[in-house]
Peer 1: 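Just dropping this structure here.
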Amino acid sequence: MTRPTPYDGSPALFPSGDGDLAYLDTGPPPTGTPAPALVLLHPGWTDHTLWREVVPPLAARHRVLAPDARGHGASANASRPFRQCDDLAALLHHLGTGPAVLIGCSMGADLAVATALEHPGLVHALVVSGGGTGQNADLRTPWAVENAARQQAALAAGDLAAWAEHFAYGALGPHRQPADLDPELLEHVRTAGLRTLTKHTPDEPDHHLPVPDLAARAAGLPVPVLAVNGALDAPELAAHARHVAASASWGRTVTLPDAGHFAPMERPGEFVREVEEFLREAGAGRGR
C-alpha cells in the first residue's frame, strides 16, 4: 500500500460495512525491523485534524495513523449499534499494522484503553491524556460543570455558534480565560466540533456502545502506559489518565505545565518528546 509522506490532512477511506471510515496514514515506509505504528485517537466531537501539529514530527520517524471515529469528521454516521474499539480493530487489521501504539486524548484515551482490553493482540503500548476510564462526563469542578451546562443549553436552543464556543472553552480549564490560549487552537476546536455536530440531527439515535468498567479493568492492561496530562486541566479529567497509568502493570505519568485538557495540541513539541522517550523505554523492555 502506498502512503503519502507529507501531512496534508487528506484522509483515506476504509469500507467498514456500515459506511466509510476516514483515516490519515502517513510517515516513512518501514525499513529493517518495523517499529510499531502510532495511532492518534482524537477527543470527542472533533476529528483527526486536531493532531495536525503532532503528526509531522512523529511521522518523520514512525508510521502514523489518525482515524476519524465513526460519526466524527469525515467518517460515516452509524446506522446500527457499534463499538469504537471494534471499528479501530477492523481498521488495524485492514492495514496490517501489527501491534500498534495507541495515543489518545479525552475520548480518544477511552478508545485506546478499551481497544487494549478488548483487542489486546493489536496493542503494543498506550499513551493517554485527559481520559481513559470512560468517565469524562462525570464532572465535579464547578467550572467544568458550568461550561458543560452552557453547552447543553446552547444546543437545546439551537444556537450552534454558542455551543461551539463553550465546547472550545473546554480546552481552557478552570484557571484560564479565552485570551490566555492560542486563538488558532480555539478556532480549530470550534471548527472541528461544528463539523462533527452538523453531521447529526437532534432526533438521531445514539448507536455507540461504550465498553464498560474501564477504570476497574485498567489493572489488567498488559502493556506499558504513559499518561500525559495538562497541569491546567480540570483535576478529575487528569485523574482519569493518571488512574490508568497507576493501575497498569507498568505505567507512569507526566504533567505538562501551561496546558489544559487538550495538552497534546497545546504543547505538541513537549508531548512528542515525552512520547519518543516513552517509546524508547517500551522498546528497551522496561515494564514488560
Peer 1: To the nearest 0.5 Å, what is the distance between NE2 on His200 and CG on Asn77?
Peer 2: 4.5 Å
Peer 1: Do the non-hydrogen side-chain atoms of Pro36 and Pro99 ever get within less than 4.5 Å of each other?
Peer 2: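 A side-chain contact is absent here, since even the closest heavy-atom pair is not under 4.5 Å.
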Peer 1: Looking at Leu232 and Pro174, what are the two nearest heavy atoms and their distance?
Peer 2: O-CD, 3.5 Å
Peer 1: Please lay out, stage by stage, how Arg273 and Glu276 fare under the test salt bridge (charged side-chain N to carboxylate O under 4.0 Å, His left out).
Peer 2: CA-CA 5 Å; Arg273 285 193 294 273; Glu276 292 282 14; over 6 Å; no
Peer 1: Closest heavy-atom contact between Glu270 and Pro257?
Peer 2: OE1-CD, 4.2 Å
Peer 1: Both conditions, 6.0 Å and 45 degrees, for the charged tip of Arg70 above the ring of Phe82: are they met here?
Peer 2: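 Judged by the rule, Arg70 and Phe82 form a cation-pi pair.
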Peer 1: To the nearest 0.5 angstrom, please state how far the CG atom of Asp68 sits from the CG atom of Asp47.
Peer 2: 5.0 Å
Peer 1: Side chains of Leu95 and Phe14, heavy atoms from C-beta outward: is any pair under 4.5 Å?
Peer 2: no
Peer 1: Are Ile103 and Leu126 packed together at the side-chain level, in the sense that at least one heavy-atom pair is separated by less than 4.5 angstrom?
Peer 2: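 When only atoms from C-beta onward are counted, Leu126 and Ile103 do not touch, as no gap falls below 4.5 Å.
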Peer 1: I'd like to know if the side chain of Lys199 reaches the main chain of Ala76, judged simply by a donor and an acceptor atom lying under 3.5 Å from each other, with no hydrogens or angles considered.
Peer 2: no
Peer 1: Do Val64 and Leu24 have side chains that get closer than 4.5 Å, going by heavy atoms?
Peer 2: no
Peer 1: Indicate, with yes or no, if Val254 and Leu58 share a hydrophobic cluster defined by side-chain heavy-atom contacts under 4.5 Å among Ile, Leu, Val, Met, Phe, Trp and Tyr.
Peer 2: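 As far as the 4.5 Å side-chain criterion goes, Val254 and Leu58 are connected within one cluster.
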Peer 1: Under 3.5 Å, is there a donor-acceptor pair between the side chain of Thr115 and the main chain of Leu111?
Peer 2: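 Flag set: sc Thr115 to bb Leu111 pair under 3.5 Å.
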Peer 1: Side chain of Arg140, backbone of Val145: donor and acceptor closer than 3.5 Å?
Peer 2: no
Peer 1: Might you work through the side-chain contact (heavy atoms from CB on, under 4.5 Å) test for Leu197 and Leu160, ending with a clear yes or no?
Peer 2: CA-CA 9 Å; Leu197 182 67; Leu160 302 191; 3.7 Å; yes
Peer 1: Checking salt bridge (charged side-chain N to carboxylate O under 4.0 Å, His left out) for the pair Arg150/Glu165: CA distance, chi angles, key distance, verdict?
Peer 2: CA-CA 10 Å; Arg150 289 177 175 173; Glu165 193 72 11; over 6 Å; no
Peer 1: What I want to check is whether the side chains of Asp18 and Ser16 have a donor and an acceptor closer together than 3.5 Å.
Peer 2: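 No donor-acceptor contact under 3.5 Å links the two side chains.
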Peer 1: Using the side-chain contact (heavy atoms from CB on, under 4.5 Å) rule, take Leu117 and Val211 through it: C-alpha gap first, then chi angles, then the decisive distance, then the call.
Peer 2: CA-CA 9 Å; Leu117 291 169; Val211 175; 5.6 Å; no
Peer 1: Under 3.5 Å, side chain of Asp25 to main-chain N/O of Leu65, donor-acceptor pair present?
Peer 2: no
Peer 1: Is the closest side-chain donor-acceptor distance between His119 and Asp86 under 3.5 Å?
Peer 2: yes
Peer 1: On a heavy-atom basis, which atom in Ala69 and which in Met107 lie closest, and how many Å separate them?
Peer 2: CB-CE, 4.0 Å
Peer 1: Any chance you could lay out the side-chain contact (heavy atoms from CB on, under 4.5 Å) test for Val127 and Leu102, step after step, and finish with the verdict?
Peer 2: CA-CA 6 Å; Val127 180; Leu102 306 187; over 6 Å; no
Peer 1: Without swapping roles, check the side chain of Glu236 against the backbone of Thr141 for a donor-acceptor pair under 3.5 Å.
Peer 2: yes
Peer 1: So His48 and Pro11, do their side chains get closer than 4.5 Å, heavy atoms only?
Peer 2: yes
Peer 1: Looking at Thr196 and Gly73, would you say the former's side chain and the latter's main chain have a donor-acceptor pair under 3.5 Å?
Peer 2: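 The answer is yes, because a donor-acceptor pair under 3.5 Å joins these two groups.
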Peer 1: Do the side-chain N and O atoms of His261 and Ser106 include a donor-acceptor pair separated by under 3.5 angstrom?
Peer 2: yes
Peer 1: Does Arg217 form a salt bridge (charged side-chain N to carboxylate O under 4.0 Å, His left out) with Glu118? I'd like the steps, not just the answer.
Peer 2: CA-CA 11 Å; Arg217 295 174 64 194; Glu118 296 293 302; 2.8 Å; yes
Peer 1: Looking at every heavy atom in both Ala74 and Ala22, which two are closest together, and how far apart are they?
Peer 2: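 Result for this residue pair: CB-CB, 3.7 Å.
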Peer 1: Is a side-chain donor or acceptor of Ser75 paired with a backbone partner of Gly71 at a separation under 3.5 angstrom?
Peer 2: no
Peer 1: Any side-chain heavy-atom pair from Leu21 and Pro67 closer than 4.5 angstrom?
Peer 2: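 Leu21 does not reach Pro67 side chain to side chain.
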Peer 1: When rounded to the nearest 0.5 angstrom, what distance separates CG in Leu88 from NE2 in His93?
Peer 2: 10.0 Å
Peer 1: Kindly give the heavy-atom pair with the smallest separation between Pro28 and Ala59, and that separation in Å.
Peer 2: CD-O, 2.7 Å
Peer 1: Which word best sums up how the rings of Trp45 and Trp163 line up, parallel for under 30°, tilted for 30 to 60°, or perpendicular for over 60°?
Peer 2: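 Ring orientation, 0 to 90° scale: perpendicular.
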Peer 1: For the pair Asp180 (side chain) and Gln177 (backbone), establish whether a donor and an acceptor sit closer than 3.5 Å, ignoring hydrogens and angles.
Peer 2: yes
Peer 1: Donor-acceptor pair, distance only, cut-off 3.5 Å: does the side chain of Arg267 make one with the backbone of Ala263?
Peer 2: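 Here the side-chain-to-backbone pair does not exist.
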Peer 1: Is Asn136 close to His240 at the side-chain level, that is, under 4.5 Å between some pair of heavy atoms?
Peer 2: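 A side-chain contact under 4.5 Å exists here.
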Peer 1: Give a yes or no on whether Leu237 and Val225 share a hydrophobic cluster (residues Ile, Leu, Val, Met, Phe, Trp, Tyr; joining criterion: side-chain heavy atoms under 4.5 Å apart).
Peer 2: no
Peer 1: For Val244, run the side chain to side chain contact (heavy atoms under 4.5 Å, CB included) check against Asp110, Leu214, Val113, Thr253 and tell me which one passes.
Peer 2: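 Per the side chain to side chain contact (heavy atoms under 4.5 Å, CB included) rule, the option paired with Val244 is Val113, out of Asp110, Leu214, Val113, Thr253.
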Peer 1: Go through Thr49 and Arg195 one step at a time and tell me if the side-chain contact (heavy atoms from CB on, under 4.5 Å) criterion holds.
Peer 2: CA-CA 11 Å; Thr49 65; Arg195 190 159 50 233; 3.2 Å; yes
Peer 1: What's the separation between atom CZ in Arg242 and atom OG in Ser129, rounded to the nearest 0.5 Å?
Peer 2: 12.0 Å
Peer 1: For the CZ atom of Phe262 and the NE2 atom of His188, what is their distance to the nearest 0.5 Å?
Peer 2: 10.5 Å
Peer 1: Does the gap between the ring centers of Trp51 and Tyr23 come in under 6.0 Å?
Peer 2: no
Peer 1: So which heavy atom on Arg190 is nearest to which on Ala168, and how close?
Peer 2: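 Heavy atoms only, the tightest pair is CG-CB, 3.5 Å.
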Peer 1: With rounding to the nearest 0.5 angstrom, report the CG to CD distance, Leu226 to Glu281.
Peer 2: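 Reported value, rounded in 0.5 Å steps: 8.0 Å.
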Peer 1: Does any N or O in the side chain of Glu266 come within less than 3.5 Å of the main-chain N or O of Gly260, such that one atom is a donor and the other an acceptor?
Peer 2: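 At least one qualifying donor-acceptor pair exists.
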